[in-house]
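Everything below concerns the one structure shown next.
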Amino acid sequence: MSKSEKFIVLPFKKVRGTIAPGEMRAASNAASAEKIARAMAERFAGVAAYSVQVDMESGDMSDPKVLWQSGEIADIAA
């Protein structure tokens, strides 16, 4: 099983009183993910930049680590 580290940015919005993830964006590296997240922070209830391990065969993501966050975010590992 071949794994690769990828970087994503995930905005969160309030939906009926709960926090829901929005559309995921990919980033080329950790610094880029943080820059994208910071730029998005004012427009969402919360936003986070993550590093994740991606199984190159199945595309499954695992082991998310928060690199930077602002506002309310949900636990995406649950």
Determine whether V9 and V47 make a side-chain contact, defined as any pair of heavy atoms from C-beta on separated by less than 4.5 Å.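 Yes, at least one pair of side-chain atoms sits under 4.5 Å.
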So S70 and E42, side-chain contact (heavy atoms from CB on, under 4.5 Å) or not? Walk me through it. CA-CA 9 Å; S70 173; E42 290 184 12; over 6 Å; no
P64: side-chain contact (heavy atoms from CB on, under 4.5 Å) partners, not counting sequence neighbours: Y50, V52, I76, A77
Co-membership, hydrophobic cluster, residues W68 and I36, 4.5 Å side-chain: yes
For the hydrophobic clusters of this structure (ILVMFWY residues joined by side-chain heavy atoms under 4.5 Å, transitively), does one cluster hold both F12 and M61? yes
Counting only pairs under 3.5 Å, give me each side-chain donor-acceptor contact of residues 18-34, with atom names and distances, residues two or more places apart or in other chains.
unit_1: T18; atom_1: OG1; unit_2: V15; atom_2: O; d: 2.9
unit_1: N29; atom_1: OD1; unit_2: A31; atom_2: N; d: 3.2
unit_1: N29; atom_1: OD1; unit_2: S32; atom_2: N; d: 2.7
unit_1: E34; atom_1: OE2; unit_2: R38; atom_2: NE; d: 2.9
unit_1: E34; atom_1: OE2; unit_2: R38; atom_2: NH2; d: 2.9

What is the distance from atom CG of L10 to atom CD of Q69, rounded to the nearest 0.5 Å? 12.0 Å
What distance do E5 atom CD and S51 atom OG have between them, rounded to the nearest 0.5 Å?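 Reported value, rounded in 0.5 Å steps: 4.5 Å.
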Residue pairs passing the salt bridge (charged side-chain N to carboxylate O under 4.0 Å, His left out) test where at least one lies in residues 8-22, sequence neighbours excluded: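 Passing the test, one end in residues 8-22: K14-E72.
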